[in-house]
Student: 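If you scroll down you'll find the structure; I have some questions about it.
Only this structure's heavy atoms are used, side chains among them; waters, hydrogens and symmetry mates stay out. Residue numbering restarts at 1 for every chain, and letters A, B, ... go by the order of the sequence lines.
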Amino acid sequence: MSRVLKQSFYRRDTKVVACELLGKMLCRRLPSGRIIRGRITETEAYDGFEDRASHSHKGPTSRNVVMFGSPGCAYIYLCYGVHWMLNFTTRESGYPAAVLVRAVEGVDGPGRTTRHFKINGKQNQQVLSRVKGLWVEDDGLNLTSSLILRAPRVGVAYAGAKWAAKPWRFIWPLSR
DNA sequence: TGCGCGATTCTC
DNA sequence: AGAATCGCGCAT
């Protein structure tokens, strides 16, 4: 029996949410009504004002304002003018944080994942706790936490050595 | 109003 | 190794 993740799932420590999202099902209903699902296999945490790798580090702007709002919302932005990045907001309102969805089973890479699910800026700020266009389900799969790998985040060298080295990337390797 | 660059991916 | 491609963030 699958259940849709509630807002309370997201209103927690960002790294815990990033880790626990592994094994959950990313779900997308297309305008045609067709539903696409994929098991999340890789995430990254971007947390708070101090994290120099996070968009939230510079304070609220028109792009990142979703990170400062309610947990359990989609934060979607265009990267390199080409790829849409899918994030889920975490923590309480006012605390800027989000989890980047880097991969689902069989689809490796954040830009490829959004392309696969036909996700773009139209889904930005969408609430995830209701079954509309975008949500996440727990279908009962129980991952053994010892099998989860941690690694530095990708593409954040600009943040400086201290923040680039944080092992805030979470990988479920058995799915590969 | 302009400029540098990015939580990337594809091709050469 | 280099291109694609454009909006954001900050400096003028």
Student: Which whole number of Å gives the distance between the C1' atom of dA1(C) and that of dA7(B)?
Tutor: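 Straight-line distance between the two C1' atoms is 22 Å.
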Student: Can you tell me how far the CD atom of E137(A) sits from the CG atom of L26(A), to the nearest 0.5 Å?
Tutor: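 Reported value, rounded in 0.5 Å steps: 10.0 Å.
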Student: Tell me the partner of dG4(B), counting only Watson-Crick (N1-N3 plus N6-O4 or O6-N4) or G-U wobble (N1-O2 and O6-N3) with both under 3.5 Å; none if nothing fits.
Tutor: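 dG4(B) is paired, partner dC8(C).
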Student: Over how many whole Å does the gap from I119(A) atom CD1 to dA7(B) atom P extend?
Tutor: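 Checked: the CD1 to P distance equals 19 Å.
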Student: Please report, rounded to the nearest Å, how far the C1' atom of dG6(B) is from the CG atom of N87(A).
Tutor: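 About 14 Å, once rounded to whole Å.
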Student: Using a distance-only criterion (donor-acceptor N/O pair, under 3.5 Å, no hydrogens), is the base of dA7(B) paired with the side chain of H55(A)?
Tutor: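 Yes, the side chain and the base share a sub-3.5 Å donor-acceptor pair.
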Student: Which residue is it: T89(A), L100(A), L86(A)? I am looking for the one with a side-chain contact (heavy atoms from CB on, under 4.5 Å) to Y75(A).
Tutor: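 Per the side-chain contact (heavy atoms from CB on, under 4.5 Å) rule, the option paired with Y75(A) is T89(A), out of T89(A), L100(A), L86(A).
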Student: CZ of R52(A): more than 12 outside heavy atoms within 6.0 angstrom?
Tutor: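 Not buried by this count: 12 neighbours or fewer within 6.0 Å.
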Student: Whole Å only: how far is the NE2 atom of H83(A) from the C1' atom of dC5(B)?
Tutor: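 Atom-to-atom, H83(A) to dC5(B), this comes out as 15 Å.
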Student: Which distance, rounded to the nearest 0.5 Å, do you find between the CG of L134(A) and the CD1 of I36(A)?
Tutor: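 The distance works out to 10.5 Å.
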Student: Starting at CE of M67(A) and ending at P of dC8(C), how long is that distance when rounded to a whole Å?
Tutor: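 Distance check: M67(A) CE to dC8(C) P gives 15 Å.
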Student: Between dA3(C) and dG4(B), how far is it from one P atom to the other, in whole Å?
Tutor: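 Comparing P positions in dA3(C) and dG4(B) gives a spacing of 16 Å.
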Student: State which of dG7(C), dA7(B), dT9(B) makes the closest approach to the side chain of S54(A).
Tutor: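 Nearest to the side-chain atoms of S54(A), counting from C-beta on, is dA7(B).
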Student: Between dT9(B), dC6(C), dC8(C), spot the one nearest the side chain of L78(A), thanks.
Tutor: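 The nucleotide sitting nearest to the side chain is dC6(C).
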Student: Tell me whether the ring of Y158(A) lies stacked over the dG6(B) base, given a 5.5 Å limit on centroids and a 30° limit on the plane angle.
Tutor: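 Answer is no, no stack.
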Student: Taking 4.0 angstrom as the limit, do D51(A) and R153(A) come out as a salt bridge?
Tutor: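 Here D51(A) pairs with R153(A) in a salt bridge, since their nearest N and O are under 4.0 Å apart.
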Student: Compute both the distance and the angle, then confirm whether R28(A) meets the cation-pi test with F117(A): under 6.0 Å from the six-membered ring centre, within 45 degrees of the axis.
Tutor: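 Cation-pi check for R28(A) and F117(A): fails.
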Student: Under 3.5 Å, is there an N or O donor on one side and an acceptor on the other linking the side chain of Y77(A) and the base of dA7(B)?
Tutor: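 Counting by modelled atom types and ignoring angles, a donor-acceptor contact under 3.5 Å is found here.
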Student: Give a yes/no on whether any side-chain N or O of R63(A) is located under 4.0 angstrom from OP1 or OP2 of dG9(C).
Tutor: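 For dG9(C), OP1 or OP2 has a side-chain N or O of R63(A) closer than 4.0 Å.
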Student: What's the gap between dC5(B) and dG2(C) when it is taken at their C1' atoms, as a whole Å value?
Tutor: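 Comparing C1' positions in dC5(B) and dG2(C) gives a spacing of 16 Å.
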Student: Between dT11(B) atom C1' and R112(A) atom CZ, what is the distance in whole Å?
Tutor: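 Atom-to-atom, R112(A) to dT11(B), this comes out as 13 Å.
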Student: How close or far is atom C1' of dG7(C) from atom CG of N120(A), stated in whole angstroms?
Tutor: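 Distance, rounded to whole Å: 15 Å.
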Student: For the side chain of Y80(A), counting heavy atoms from C-beta on, which of dT8(B), dA7(B), dG9(C) is nearest?
Tutor: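 The answer is dT8(B), which lies nearest to the side chain.
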Student: Is the distance from OP1 or OP2 of dG9(C) to the nearest side-chain N or O of T61(A) less than 4.0 Å?
Tutor: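 Yes, within the criterion.
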Student: To the nearest Å, how far apart are R115(A) CZ and dA4(C) P?
Tutor: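 The answer, rounded to whole Å, is 18 Å.
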Student: Quick check for you: among dT8(B), dT5(C), dA7(B), whose closest atom lies nearest to any side-chain atom of V82(A)?
Tutor: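 Nearest nucleotide to the side chain: dT5(C).
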Student: Could you give the NE2-to-C1' distance, from H116(A) to dT8(B), as a whole number of Å?
Tutor: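 Atom-to-atom, H116(A) to dT8(B), this comes out as 18 Å.
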